[in-house]
Amino acid sequence: MVTEAETSAIGNALVVLGAAGVVIPAFARFRISPVIGFILVGLLVGPSGLGSFTADYPWLRHVTISSPDDIALFGELGIILLLFSIGLELSFRRLWQLRKLVFGIGAAELLLGGAILGTALMLVSDQSTASAYGLGIALALSSTALVLPIAGTQSAVGRASFSMLLFEDLALVPIIFILAALSPAASGDSAELLLTTLWQGALVVAALAIGGWFLLPRIFAQAARAKDPELFLAASLLVVIVAALATAAVGLSPIVGALLAGLMIAETEYHTEVEAITAPFKGLALGVFLISVGMGLNLRTIAGLWPQLIAAVVGVVLIKAVVTAALLRFSGAARRGTAAEVGLLMASPSETTLIVLATALQAQIISRTTAEFWQLVTAIGLTITPLLARVGHDIARRIEIRVAEAEADDDGPPPRRTVVVGFGRVGRIVAGLLKEHERPYIAVDADIDAVAAARRDGFAVRFADVGRPGSLDRLGIDTAEAVVLTMDDPVQQLRMTRRLRRKYPDLPIISRARGADHAAALYQAGATDAVPETLESSLQLAEAVLIDLGVAMGPVIASIHDVRAKMRHDIMTKGHLDREPRIQRLRPLPGEDG
């Protein structure tokens, strides 16, 4: 017989799963972040939305959730799975490389931001010193659950954000213990308890790392031999659960255990398989967490306190954005645009802010009214995080463009260098190799977002619309070593090649070509070299297929040589060339020198 509690739990699960099934495709259709959709759904079906009418309309119990506590556990699970997936994308070596950002900028951002927010609260309210600075530290925390899915961990913005968020996650346990120690009813054992937790936590982390180093490769090797994806999933979940329970057992946050579990699996050769299998669970669990955030929004309270709430949200966002951006910029850890984007991205309070507020309330440092007010501020801040991310991205883009234009004006006479026109996937590879071999270059692109992203990654790229007459002259084409045309527009490539060849007869012009016909046309227009991209990719693919099918290496290389020779002949014929085009071989033929 199914009990009422079981029926309620099943109904809540169906509501959440149904919401996820509607929100993700619907908001993707209109290119809106599903983050906002999940929060709005939580608001709609939560206790302050349709859930408040269940007494009058009992049938609403089947499509609403009356208590946020019913899915609080699922929200915590979502954060744990998110941190696990982040750990999969990292490695211990990369964490060591980020140590200065984590323990330098991360610590400074949390402590300085908390101090400024606490001081501001003391000035504008009647909070005591302990409650003001406790609230300041709580509000200085930023959302791991929202920031990292938006920024990732690979870009310049993602690296800076992750470093500071990692320190905040590590600092959560000491923050909770310090707040408990500040409680009027606290005993003198709090400091001793904190030290005990820290040394026990260090032992548990070390034991998990050593155990994972020896056991995980063997466990996943057995799963791989069985060729059963379900075993990979079961093993992964087991590792996450064991690590989270182990860290929670000694008083540390289970988030630390989840991150450590991801890091341990990332050190094995099976991490890509585990990442692919667990990806759907991460998205669903994050959605459940965001729905719980939406349920925390009480529309009646917001309507009654909206001036104070708006002032509080704006104040917190401004202080955190300025502190974070200033630290990144003045420490030299990020460019201007990157610092501005990270500052706004991390300006909202965090899901861990709610944990710290609950601890401060339990310790009697803040009143229930104060806790509820700042819980609303936190929920609103989480809701506007995607909007802040969009605004920060636009501001960063404008800053980078202005900086690029200012540098162009201050450069003086352009030096002798290679000019790369177009900065997509091909242009980025060309520029990367020029940079690696210390050959001076400048790249241009008409896509502002591509320019801003490339500059954040350290490439010398400027915004320019090469379709406008005279746009390339400012780059010093007359003194350029070569011009490389990588844009994916065959008509523009031909037009630019003709224009450059007429004006600069001796300039080396190397162009990307789609195929033999396009390459021949480029040679006729005056290109020094035209490289058919379809030829090389097709030959490499054919080589891999033939070798995997068991064909001997010698005949394969000879066939590729014949195809390339035929392509050279076709280009010579179609382009009326008096020399062979330089289409390089993949490797020398047997018996030839390299």
Side-chain angles (χ1 to χ4, degrees), residues 16 19 23 32-52 64-76 78-79 82 117 121 134-147 149-150 165 168 172 285-321 344-361 366-389:
V16 172
V23 166
I32 301 175
S33 171
V35 168
I36 299 175
F38 281 121
I39 293 176
L40 291 178
V41 166
L43 178 61
L44 178 65
V45 304
S48 64
L50 295 177
S52 62
T64 61
I65 299 178
S66 302
S67 173
D69 295 336
D70 290 341
I71 66 164
L73 180 61
F74 295 101
E76 294 176 8
I79 298 174
L82 176 67
L117 286 167
L121 287 170
L135 284 172
I137 287 293
L139 296 171
L141 297 167
S142 299
S143 176
T144 301
L146 294 185
V147 170
I150 293 173
L165 290 168
E168 291 178 4
L172 181 60
L286 178 59
V288 175
F289 162 73
L290 293 171
I291 290 174
S292 67
V293 171
M295 289 182 177
L297 293 171
N298 190 314
L299 292 179
R300 295 181 181 86
T301 306
I302 292 174
L305 297 173
W306 68 266
Q308 298 95 315
L309 288 170
I310 291 177
V313 171
V314 171
V316 170
V317 167
L318 283 177
I319 290 174
K320 291 184 66 178
L344 276 171
L345 183 61
M346 296 189 59
S348 295
S350 165
E351 62 277 356
T352 49
T353 300
L354 301 174
I355 299 173
V356 177
L357 288 174
T359 303
L361 175 62
I366 59 176
S367 66
R368 181 168 298 278
T369 302
T370 301
E372 291 175 352
F373 176 84
W374 289 107
Q375 284 169 353
L376 276 177
V377 171
T378 301
I380 295 171
L382 288 169
T383 304
I384 65 172
T385 297
L387 175 61
L388 292 175

Starting at [atom1] of [X], measure out to [atom2] of [Y] and round the result to the nearest 0.5 Å.
X      : Y      : atom1 : atom2 : result
Gln375 : Thr353 : CD    : OG1   : 10.5 Å
Ser143 : Leu382 : OG    : CG    : 5.0 Å
Leu309 : Ile380 : CG    : CD1   : 4.5 Å
Thr369 : Trp374 : OG1   : CH2   : 14.0 Å
Ile319 : Leu139 : CD1   : CG    : 9.5 Å

State, to 0.1 Å, how close [X] and [Y] come at their nearest heavy-atom pair, and which atoms those are.
X      : Y      : result
Ile366 : Ala371 : CD1-CB, 3.8 Å
Leu388 : Ala347 : CD1-CB, 4.4 Å
Ala138 : Val356 : CB-CG1, 3.6 Å
Ser348 : Gly381 : OG-O, 2.9 Å
Ala140 : Leu117 : N-CD1, 3.8 Å

Is there side-chain contact between [X] and [Y], with heavy atoms separated by less than 4.5 Å?
X      : Y      : value
Ser142 : Lys320 : yes
Thr385 : Ile150 : yes
Leu135 : Phe373 : no

